[in-house]
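Below you'll find the structure, written out as structure tokens, and then a few comments.
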Amino acid sequence: MKIKFTICCIPLMVLTILSCNKSDNQNALPDTSEAEFILQRADLPDYEQNIDHKALLQALGDRHGESMRTGEHIYSNTCVTCHGNMEEEGSLPTAFKFWSGAFKVGNDPYSIYQTLTRGHGAMPPQVNLTPVEKYDVIHYIRETFVAKENPDQYFEINEAYLAGLPAGTSMGPEPREYKPWAEVDYGNFLINTYELVDEDAPPRERSTGPVQPLPDEDFSEANFAYKGIAVRLDQGPGGVAAGRAWMMFDHDLMRMAGAWTGKGFIDWEAILFNEKHNISPRTIGKLHVENETGPGWAHPETGSFEDPRFQARDGRKFGPLPRDWAHFEGMYPFKDQLIMKYTVGKASILETFGLDSLDKQPVFTRTLNVIPAGGLLKMRVAKSETAVALTGEGASLTEENGYQVVSITSSSPVSIKIFLANAGVTGLQQWVRSRTPPASLEKFTRGGPARFPQVLKTNIIPGEQEGAFQVDILNPPFNSPWKNQLRLSGLDFFRDRNKAVVCAADGDVWLVEGFTENEQQLSWQRIASGLFQPLGIKVIDEEVFVTCRDQIVRLHDYNGDNEADFYESFNNDHQVTDHFHEFAMGLQADATGNLYYAKSARHAREALVPQHGTLIRVSPDGKKSSIIATGFRAANGVCLNPDGSFIVTDQEGHWNPMNRINWVEEGGFYGNMFGFDPPADSTDAGMEQPLVWVERERDRSPSELLWVDSEKWGPLNGKLLSFSYGYGKVYLVPFEEVDGQVQGGIVELPLPRFATGVMRGRFNPEDGHLYLCGLSAWGSTQPQLGGLYRIRMTDKPLHVPVGIEAQQDGVLLTFTEQLDEITARSADNYQVATWDLLRSRKYGSKHYNEQELQISEVELGSDGKSVKLKIPGIEPTWVMEINYQLKSGEGASLEGVVQNTIHQLGNVPS
């Protein structure tokens with residue numbers, strides 16, 4: 001049987017799956033009708049309505065061995081990442097442990113199947129597993145973990161149970177190998193962090209285990225291109241993933257890191273590809289040529305190749321070379337070619353790569369156009385044993401310290417072509433005499449024919465929900481000819497508000513039109529591709545800036561076809577390591593043109609470089625960046641406040657007992673002691689406190705915040721919103737400031753749960769509506785890969801708390817609309833609970849000091865919109881939850897939850 005993998009990067013079973021106490025009649029089919037599944041039955045594919053569950057379960061006996069092997073494969077490649085096993089804790093310690101926990105929805109196979117299929121709590125629906133595969137992984141878990149280690153939770157299957165299963169006639173679709181990430185046409189190049197290895201390389205080292213932080217592996221001899229640009233060299237459709245020959249350019253070091261051939265591009269071992277944590281992709285196939293991890297060009301004044309960059313704790317060096325040594329300026333895609341632009345000293349260089357053949361052996365080529373400007377120009381080409389030849393005037397080839405080196409000897413412009421082949425290739429010097437002379441590359445820098453000429457159309461599905469909000473679905477073109485996954489991660493509008501740019505984490509940027517023309521259709525034009533995990537985008541003076549993991553890119557269109565002809569490296573200061581978790585998130589700009597984004601830290605490990613877990617500012621000219629706040633763990637974006645401060649979210653984990661929304665001041669430290677150079681004081685007093693601690697039941701992964709800027713949003717105009725990547729929701733954030741400390745809470749807005757996690761949002765100044773984009777990958781419970789949405793506020797009343805004040809004698813809540821006096825004044829209609837958290841190096845925190853607080857009296861304000869809950873003995877608390885069951889002034893039912901944090905109690909107004 002071939003195995004098909006689930007798309008969602010959060011594992012198959014981040015489980016809340018499960019929990020059901022064993023009943024006396026344990027072989028009866030449990031009633032799961034009241035379970036709060038994410039997907040309703042009507043949301044499921046048609047075949048799910050006719051599955052023969054009895055036959056699938058009975059077949060496990062005949063195919064026990066095959067089923068166990070398949071289930072183990074699925075578990076080992078997906079589930080184990082977060083759940084771990086009995087020997088090694090997973091990366092999400094709060095994930096369900098099958099060998100010791102109690103199932104929630106039901107411990108029989110059919111109930112577990114329902115949770116896998118429909119999702120529950122933090123468990124995403126597994127929309128890409130077939131019924132056979134779901135029962136295979138259930139079988140493996142039951143027989144491996146539950147039966148042997150947790151027998152009280154093992155459900156015995158008998159004929160009565162089988163007879164009670166829903167009747168059906170279908171086994172569902174046949175399982176198939178499913179690797180969507182490997183089928184995407186990324187274009188002719190793809191930027192990522194890669195490890196270059198030969199085909200006989202030993203298995204890689206990966207640290208695991210319960211001890212935190214995890215130890216660093218010994219990668220001192222590994223050839224990593226941390227900012228690697230993989231370029232396809234052979235001809236044919238399908239882009240870089242479909243190639244058979246490639247060259248890797250490392251734009252930190254301006255070096256050719258290696259060249260290889262094979263029947264596959266890379267092993268796709270990475271969090272945004274096959275969902276693997278703690279790993280970066282490796283090349284597969286024959287590595288013909290490589291250079292060590294060090295400067296590709298010698299220092300233009302000293303001629304030395306000694307690496308001057310920042311050295312981390314593990315001995316490796318990271319980041320770009322100093323700008324006065326070498327600087328990457330960007331790339332020109334032209335048809336199937338890619339031309340690099342960079343400087344060495346004051347010399348300007350254009351370079352492209354190619355492929356030839358000698359006696360059926362691949363010969364890799366580098367064509368360089370160099371404009372010297374004084375100084376030494378020496379380029380390390382390959383190890384001494386490599387077959388190398390050179391054509392063109394004004395340069396020479398010599399050997400130096402075990403490497404072949406090209407020296408530019410002319411003071412006039414030089415065009416050269418370097419030929420490289422495996423050490424066993426002979427006759428290269430004579431053969432190159434018949435090759436074409438080095439080409440001029442300048443003609444490829446003015447824009448070429450569109451690489452993605454198709455403009456795709458999608459329909460807008462208008463929302464017809466009752467209530468204060470209506471949500472339009474603006475689906476991206478999932479059937480694109482390039483098989484894009486369309487995990488949308490950022491959007492922004494042009495001056496023509498009918499147009500926006502949208503980026504996707506898989507490397508694309510799209511020009512989208514049709515937002516305000518009301519024709520119920522959008523057009524999508526792919527204008528850039530191959531970028532390194534874009535997670536933020538901003539339009540400044542009609543220019544498009546994209547936050548990528550390796551750099552901020554500015555896109556330039558030279559010939560008016562909208563497609564980017566030059567990918568300018570606007571700023572690539574920050575250092576990148578091989579760790580999977582260090583995403584670069586969000587992009588905002590202030591009035592003077594400074595750019596801001598957040599850089600995540602390493603998961604379960606101490607930082608290696610200063611940028612891990614930081615908020616970063618980039619100067620308006622892109623030439624300088626600075627760290628302005630530290631101590632973040634997984635900072636998903638940044639909100640720029642009107643007063644010049646910032647809001648940055650962070651995720652539960654080590655040193656983060658729960659998710660947090662941080663009101664950030666420059667110079668602040670925000671708690672992650674695994675960050676780079678943390679303060680000596682690891683107590684809570686040694687960090688800045690968050691605006692609110694966000695419990696995972698409310699939002700398991702907050703993303704970015706946004707100020708409402710639309711008169712159409714009535715009582716919410718000027719208020720603060722928080723987006724949920726984890727649960728696909730939108731929250732209001734009421735807050736106050738007491739003695740300089742900002743504190744407040746979150747309230748879920750009455751909106752349908754989105755099909756993706758929500759990443760970014762922008763208000764359109766023309767129509768006043770909120771536009772959101774989102775994706776589902778690691779850490780999201782939602783089933784759809786990507787989505788684009790429009791939220792329109794109606795004239796219907798909205799009944800939510802927009803204000804919260806913690807006072808010496810209680811809590812004051814202010815609602816958007818008037819409340820029913822009788823229900824508002826009744827203390828029985830409110831329940832207030834508090835608990836503490838424990839911040840430590842452990843992952844997350846359980847609840848401590850849980851209390852139910854008594855309300856002695858409720859005062860209704862003169863405006864009819866505010867209620868004062870008088871709470872004797874109220875104290876500051878990490879977490880408070882206020883549940884209310886009221887009626888509006890018009891008699892409508894009004895229920896909700898405010899979850900908040902109190903750092904200080906304010907004075908009672910006189």
Side-chain angles (χ1 to χ4, degrees), residues 82 84 89-95 207-216 277-278 312-313 577 579-583 585 598-616 627-638 646-665 667-696 699-703 725-726 778-779 835-849 877-879 901 903:
C82 288
E89 187 172 60
S91 64
L92 189 61
T94 55
S207 294
T208 57
V211 178
Q212 307 296 343
L214 294 174
D216 295 318
H277 294 36
N278 190 22
R313 184 187 63 256
T577 79
H579 195 264
F580 75 94
H581 195 257
E582 55 181 70
F583 308 103
M585 302 276 212
K599 179 77 170 167
S600 292
R602 302 204 302 169
H603 170 68
R605 298 168 185 265
E606 293 177 317
L608 286 179
V609 299
Q611 288 84 3
H612 278 155
T614 59
L615 177 61
I616 297 173
I627 295 170
I628 61 174
T630 63
F632 304 109
R633 179 183 171 272
N636 191 351
V638 55
F646 313 91
I647 299 176
V648 176
T649 62
D650 210 347
Q651 319 300 314
E652 176 188 9
H654 307 286
W655 291 109
N656 255 10
M658 205 56 63
N659 304 304
R660 50 188 290 169
I661 296 174
N662 302 291
W663 194 286
V664 176
E665 302 287 346
F669 171 75
Y670 291 85
N672 181 15
M673 298 300 292
F674 288 168
F676 189 83
D677 193 24
D681 184 1
S682 64
T683 70
D684 299 336
M687 68 172 183
E688 302 295 333
Q689 299 297 324
L691 184 158
V692 60
W693 294 101
V694 179
E695 280 282 332
R696 68 179 72 90
D699 185 2
R700 72 181 313 274
S701 186
S703 55
Y725 168 72
W778 178 48
W835 58 89
D836 296 335
L837 304 170
L838 178 63
R839 174 174 162 266
S840 73
R841 66 175 50 232
K842 294 182 179 180
Y843 192 105
S845 172
K846 63 180 183 180
H847 294 178
Y848 296 90
N849 191 28
T877 182
W878 290 68
V879 181
T901 294
H903 297 297

N/O donor-acceptor pairs under 3.5 Å from side chains in residues 670-677, not counting sequence neighbours:
{"residue": "Y670", "atom": "OH", "partner": "E665", "partner atom": "N", "Å": "3.0"}
{"residue": "N672", "atom": "OD1", "partner": "F674", "partner atom": "N", "Å": "3.0"}
{"residue": "N672", "atom": "ND2", "partner": "F632", "partner atom": "O", "Å": "3.2"}

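The CG atom of L615 sits 10.5 Å away from the CG atom of N662 when rounded to the nearest 0.5 Å. In this structure, NE2 in H579 is found 9.5 Å from NE2 in H277, a value given to the nearest 0.5 Å. Between atom CG of residue N849 and atom CG of residue D836 there is a gap of 5.0 Å, rounded to the nearest 0.5 Å.
In this structure, the side chains of H654 and S840 stay at 4.5 Å or more apart for every pair of heavy atoms.
Put simply, the side chain of H903 gets close to the backbone of P690: a donor and an acceptor are under 3.5 Å apart. Within the 3.5 Å criterion, the main-chain N or O of S845 finds no donor-acceptor partner in the side chain of R839. Side chain of E606 to backbone of P213: no donor-acceptor contact under 3.5 angstrom is found.
Applying the salt bridge (Lys or Arg N to Asp or Glu O under 4.0 Å) criterion to D681, with sequence neighbours excluded, gives no partner residue. Looking at residues two or more places apart in sequence or on another chain, you find a side chain to side chain donor-acceptor pair (under 3.5 Å) between T208 and E88. With sequence neighbours excluded, no residue forms a salt bridge (Lys or Arg N to Asp or Glu O under 4.0 Å) with R841. Partners of N278 according to the side chain to side chain donor-acceptor pair (under 3.5 Å) rule, which considers only residues two or more places apart in sequence or in another chain, are R605. Among residues two or more places apart in sequence or in another chain, the side chain to side chain contact (heavy atoms under 4.5 Å, CB included) test is passed with T614 by K599, Q611, I616, I627, T630. Residues passing the side chain to side chain contact (heavy atoms under 4.5 Å, CB included) test with N656, sequence neighbours excluded: R633, D650, R660. Legend: residues meeting side chain to side chain donor-acceptor pair (under 3.5 Å) with E688, ordered by chain and number and at least two apart, are absent. Checked against side chain to side chain donor-acceptor pair (under 3.5 Å), W878 has no partners two or more places apart in sequence or in another chain. Every residue was checked against the side chain to side chain contact (heavy atoms under 4.5 Å, CB included) condition with A680, not counting sequence neighbours, and none meets it. Among residues two or more places apart in sequence or in another chain, the salt bridge (Lys or Arg N to Asp or Glu O under 4.0 Å) test is passed with R602 by D216.
Contact detail for A635 and S600: the closest heavy-atom pair is N-OG, 3.3 Å. Nearest heavy atoms, L214 versus V211: CD2-O, 3.5 Å. Of all heavy-atom pairs between H847 and W835, the closest is NE2-NE1, 3.1 Å. Across every non-hydrogen atom of G686 and F669, the tightest pair is O-CD2, 3.6 Å. For the pair H581 and A634, the tightest heavy-atom approach, listed with the atom from each and the gap, is CE1-CB, 3.6 Å.
Ring orientation note: the planes of F580 and H603 are nearly perpendicular, at an angle over 60° on the 30°/60° scale.
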Inset, instruction - Check step by step if side-chain contact (heavy atoms from CB on, under 4.5 Å) holds for L837 and E695. - result: CA-CA 10 Å; L837 304 170; E695 280 282 332; 3.7 Å; yes
**Prompt:** Can you list the steps and then say if K842 with Q212 is a side-chain contact (heavy atoms from CB on, under 4.5 Å)?
**Reply:** CA-CA 7 Å; K842 294 182 179 180; Q212 307 296 343; over 6 Å; no
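With V694 as reference, N659 is the one residue of T649, N659, T901 to meet the side-chain contact (heavy atoms from CB on, under 4.5 Å) rule.
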